[in-house]
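Heads up: the structure comes next, in structure tokens.
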Amino acid sequence: MKHFRKGLFVGAAISFLALTASAAVAETPKDQLVIGTSLAQVLSLDPQQATEGKANEIMCNLYDRLVLATPEGKIAPQLAESWAIDDKGITFKLREAAFASGNPVTSKDVVFSLTRLLKMNQAAAANLKRVGYNADNIEKLVTAPDEHTVRIDLSGEVTPELLLYRLAMVTTSVVDSVEVLKHVKDNDYGNAWLRTNSAGSGPFTLNRWTPNEIVILDVNKEYVGGEPKMRRVVIRHVPESQVERLMLERGDIDIASALSASDLATFQNKQGFEIQRVPTGGFYVLSMNAGNQYLSNPKVREAIAYGIDYAGIEKTIMGPYGRVRTVPVPENYEYAISSPDWHLDVEKAKSLLAEAGFKDGFSLSLKTIAQTPRIDLATAIQASLAQIGIKVNIQQGNGSEIIAAHRARDFDLLIPQTGSYMPNVLGSMEQFSSNPDNSREANNAGNFVWRSAWDIPELTKLTAKASLEPDAKKRGELYVEMQKMFVDLKPAVLPLFERYEPIVLNARVKDYVGHPNMTTRLEAVTKAETE
Amino acid sequence: MKELSTSELGRRVLQLIVSLFILLCVTFVIGRVMPADPVGAVVGELADPSAYAAMRARLGLDLPLYQQFFIYLTGLLHGDFGTAILTGNPVSKDLAQAFPATFELATLAVIISTFIGVPLGLAAALFRDSWIDKTARVVALVGHSIPVFWFGIVGLVIFYAGLNWVGGPGRVDVYYEGIVTPRTGLMLVDSLLEGEPEIFWNALSHIILPAIILAYAAMAYITRMTRSFTLEQLNQDYVIAARAKGVGPANTVLGHVLPNIAVQLITVLAISYGNLLEGAVVTEIVFSWPGIGQYMTNALMIGDMNAILAATIIVGFIFMFLNFVADIAYALLDPRTREATQ
């Protein structure tokens, strides 16, 4: 009833709005870019600590890295002008650049930043640690032969090419060591200070960050690429999708992300606005706990794979958020294989359950965060699994509850989402295909596969082998083999949909190119005069 | 009167402290058994177990519950609310930033609701069953039954997006952000102190809609209560006598009724004010208002216990304190309650 009443009034109000729509539309100043989004997950702006996507989007404009990955997935120079690869490592030549403080960017800063990353040993360090760099060996492996040269030795667990992709991540951003060292307290590597301040050489500097309110970036006059067109970038926390939509329509913000599906739909084909579907390389996933008596059986997992109405869900729920894909590698990546023939087939799923000895079905719980589109996805899965005899009981929670349950292996089914850190098979697949020690004692909660208690020694070995294969062609063959093996094993971490981040832009905004790794740089963005 | 002040005051202060302590204990226990993972929020989802365990120990979450409580209490007695996970700042610093925003909103709301609610209630009682009374009753009923959240959205659709009469979410337009240095934290005051009238008007256009919406529910309550207090008085002999002597309705109300219901009204206003401070939560989310309500909501989302506890204690304290003040005012001003307690 409440909903009905709410709907009725909102309808009336919107009709009223349509009648009075001639009211003047405000607009943001021409030299300021205003973004509306949810900043709730941003907990730190220290590049060697924060890993959350929204924080990455901010930090990648404050800091430069040695190299960057273009939206198309190619490695390009940033602070490094050039680099030479040999058998043992990579030697980078730095360009002449300066930090916002005026201090020159030197090889010492690069060494400091990488060492800082691994010594602080937070989640941000995970991607380098996974390939053999750690707090104990980093000082030996990263050196500064002279002021403009940086040498990074290979750890023996990664090829130079794949190391470059890791160096393109925001976590390896180069911080101003002189500034940061001024603010060290209790051996914290300046972390407490850098969480809320910036010390970088990117196109912008941090003017202000008030958690859950606003982030203001000012132009960095020292920026090596010349001053950006936007004098200021304001990122405003707008937790309510409907409110964000109104602000975009009114012209108070230029770009809106984190809109709900229905608010997004109102901008479809609307004049003066543009919807961008930014690919993430990541997935919406159904995690099945292989420690569960039913889900440990590959036949049951296969039955579930045949018990989901992918096409129907894509059409009615995912829309701008994703497209069907049941191999954890985006379809357009090189060496991606096509999805296996998993589609809703009630009879086949039932017979698989019967073969597994569960003719009469059983009950499972499904945990998910209460957010679009995951909550709707959960409901749809519940409905289609009911048809094959699996009764699903949905438990909703907020982000930290669900992550805690996932980390503790405390679930039957759970819907997490992933992202890709480099645009190749390994970048998107590694988190689905590597679990070095499945024992509970290993307590490897940072590992996506471990959380599902899915023991895959062969696939783990193959993943490690691919990471080390220097020959591109052979590596490609290994990539194909990995994906096939993944499908054959009837995954306990079942990718469902390739994930997109939909954003809506005011058409005045030009040259905003959403980056798949949430590292969209804003220095080239301009705003046209209103027509 | 003096006797009352000392013994009664002492008893009530003690009551206040005990209530606060109970609130603290309950919030603490609920917060610690809640299945949120503040450690994960700090170190990140992919952190390895050693980093996770180290942070857990640093936050003191590996200690038994009673020890954690004792440590917290000791800190609290030294005025230390701990560090917020969300921001890495001392919680007291965060609250000093968030509280003025809520305070400004709630204060404006209580002023609006008083200035409309009291006269409306008086008029409704005076012209009982007339159209004024009926209107007042409908207004009060609507204010009581429609959720603030929904009101906020519709208000924005009509007055912000449609008619362009008021500013949008947030405390000022973006291009004014960061110009005024916070001194009191109250945007309306600070902009004037800085000599920026333009920003003052902009801030006023932003606060007016959320303040009215927040005020509406309180106004409904104030109107209803004023009406019933007044009706009660209108049947008293002294009013009948006054009217028989030819005193006009306006003078009856202002000269006779209002002074007599003033004490009861103070209680109602104090309770409303407390409710407004507490109830700002939803309004703040709809209007992206960076106050204590939004701060608390986000802290809850990641299980940031220090922040939740401190915010709960502050809001709880204000609520209890306002009640306490109302009670004391009641006891001091109303001779009947004074006799009763004696």
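Each chain gets a letter, A, B and so on, in the order its sequence line appears, and its residues count up from 1. Keep in mind it's a predicted model, so treat the numbers as computed, not measured.
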| remark: Residues at least two apart in sequence or cross-chain that pass side-chain contact (heavy atoms from CB on, under 4.5 Å) with A:Glu52, listed by chain then number, are A:Gln41, A:Val42, A:Lys54, A:Ala55

| task | Name all residues meeting the side-chain contact (heavy atoms from CB on, under 4.5 Å) criterion together with B:Arg183; count only those two or more places apart in sequence or in a different chain, and write none if there are none. | result | B:Asp190, B:Leu193, B:Glu194

| Highest number of heavy-atom pairs under 4.5 Å with chain B: which of A:His237, A:Glu240, A:Arg195, A:Glu213? | A:Arg195

| With a 4.5 angstrom heavy-atom cut-off, which part of A:Ala408 approaches chain B: side chain, backbone, both or neither? | neither

| said: Is A:Ile214 in contact with chain B via its backbone, its side chain, both, or neither, using a 4.5 Å heavy-atom distance? | reply: side chain

| Atom group of B:Phe287 that falls short of 4.5 Å from chain A, counting heavy atoms | neither

| message | Does any backbone or side-chain atom of A:Thr210 lie under 4.5 Å from a heavy atom of chain B? Answer side chain, backbone, both or neither. | response | side chain

| said: I'd like to know if A:Glu244 and A:Arg250 make a salt bridge, using a cut-off of under 4.0 Å between side-chain N and carboxylate O. | reply: no

| Heavy-atom contact with chain B under 4.5 Å, split by part of A:Val238 | both

| field | Within 45° cone and under 6.0 Å: A:Arg409 NZ/CZ vs A:Trp450 ring | value | yes

| Less than 4.0 Å between a side-chain N and a carboxylate O, is that true for A:Lys270 and A:Glu249? | yes

